[in-house]
Amino acid sequence: MELAPLSGIFGAEVDGVDLSDELTDTTIAELRAAFNKHHVLVFRDQELSPEAQMAFGRRFGELDTHPFVHAVGEYEEVLDIVTEPDDTVNFGGGWHSDLTFLEEPDLGSILYAVDVPAAGGDTLFADQQAAYDALSPTMQSMLDGLTAVHSARRQYGEGGLSTKSKAMQTHGTDAAATSIEHPVVRTHPETGRKGLFVNRAFTERIRGLRQNESAALLEFLYDHATNETFTCRVKWQPGTLTMWDNRAVQHFALHDYAGKRRHMRRITVKGDRPS
Ligand code: SIN
């Protein structure tokens with residue numbers, strides 16, 4: 001297995017692993033160590049059926065299902081993420097970590113490119129641990145004691161942004177209004193590193209602050225957390241698979257390919273309660 005960095009800060013391209021093989025425990029341990037270190041791993045030229053993708057994902061934990069988007073294929077764990085040529089909104093088209101509105105947000109996501117435009121449709125990632133490290137000690141210690149409220153309401157409530165994608169089976173629901181509280185800074189359960197854990201899609205407010213204070217602080221954090229210094233970019237080809245650590249990164253699916261179709265296949269691995 002060989003690793004080549006994707007940026008000066010995080011992300012790596014992995015060569016020499018065929019994910020459709022039955023991988024040994026040693027290989028999985030090496031991949032897990034690389035995942036914890038680099039947060040985003042990219043594998044090229046993979047030929048993966050949905051079954052093989054699920055088998056690979058299960059080596060990292062139990063697979064999750066999306067609470068608000070219905071899988072259209074045979075398996076409820078496999079989400080086909082499709083943007084049709086005439087879609088004006090794409091799934092994941094804003095900075096976020098997956099499913100932070102859950103009590104136990106997913107540990108990570110494993111996305112496979114089935115069909116992608118010849119140019120465009122890249123995914124951006126932002127390293128939330130690097131973003132935390134770059135803050136002053138005074139700001140860090142203020143954030144360390146705070147919690148934030150997350151909800152799926154703006155995305156999956158009635159008329160929510162994510163219900164506007166024509167290609168996806170998403171229906172706005174009142175159930176999306178449920179809220180959950182998470183620390184603003186989470187400690188990675190496997191490495192002990194601290195990272196920011198708020199995002200524009202699902203975070204609603206910071207507990208204990210006045211509305212204008214909360215809005216101003218969140219705005220600062222959203223901007224800081226996705227500053228270009230902390231980002232890397234994945235360009236897809238059919239057969240590229242990328243897995244990312246939702247406990248350490250945010251991501252953004254660009255929609256710069258109007259008139260073209262993009263088809264990805266995603267599975268997610270269940271995570272733990274952030275602390
Ligand atoms: C997502 O999981 O948010 C979608 C990412 C992508 O399609 O690039």
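All ligand and atom numbering here is 1-based and tracks the order in the structure.
Taking the six-membered ring where tryptophan is involved, the planes of His39 and Phe10 are tilted, since the angle between them lies from 30° to 60°. Relative orientation of the Phe101 and Phe202 rings is perpendicular, given thresholds of 30° and 60° on the angle between their planes.
The distance from ligand 1 to the heavy atoms of Trp244 drops below 4.0 Å at these ligand atoms: 2 (O). Of all atoms in ligand 1, listed by their number and element, those nearer than 4.0 Å to a heavy atom of Arg262 are 6 (C), 7 (O), 8 (O). Each of the following atoms of ligand 1 lies closer than 4.0 Å to a heavy atom of Gly92: 3 (O). Every atom of ligand 1 with a heavy atom of Ala253 under 4.0 Å away is listed here by number and element: 5 (C), 6 (C), 7 (O), 8 (O). The distance from ligand 1 to the heavy atoms of Leu111 drops below 4.0 Å at these ligand atoms: 5 (C), 6 (C), 7 (O), 8 (O).
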- request: Evaluate the side-chain hydrogen bond (donor to acceptor under 3.5 Å, both in side chains) criterion for residues Tyr132 and Asp144: first the C-alpha distance (whole Å), next the side-chain angles of each, then the deciding distance (0.1 Å), finally the verdict.
  value: CA-CA 10 Å; Tyr132 175 78; Asp144 279 344; 2.9 Å; yes
- request: I would like to know whether His96 and Gln155 meet side-chain hydrogen bond (donor to acceptor under 3.5 Å, both in side chains); could you show each step before the answer?
  value: CA-CA 11 Å; His96 66 288; Gln155 298 294 325; over 6 Å; no
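With sequence neighbours left out, Thr147 forms a side chain to side chain donor-acceptor pair (under 3.5 Å) with Glu181.
His188 NE2 to Arg186 CZ: the interatomic distance, rounded to the nearest 0.5 Å, is 7.5 Å. A distance of 11.0 Å separates OG of Ser97 from CZ of Phe125, quoted to the nearest 0.5 Å.
Among all non-hydrogen protein atoms, the one lying nearest atom 1 (C) of ligand 1 is His251 NE2, 3.4 Å. Remark: minimum distance from atom 2 (O) of ligand 1 to any protein heavy atom is reached at Arg266 NH1, 2.7 Å.
Between His96 and ligand 1, a contact under 3.5 Å exists for at least one N or O pair. Of the polar atoms of Thr123, at least one N or O is found under 3.5 Å from an N or O of ligand 1, judged by distance alone.
Residue-level proximity to ligand 1 for Trp95 is absent, since no heavy atom of it falls below 4.0 angstrom. Within the 4.0 Å heavy-atom criterion, neither part of Asn90 lies near ligand 1.
Under the 4.5 Å side-chain criterion, counting only non-hydrogen atoms from C-beta, Pro183 is not in contact with Val185.
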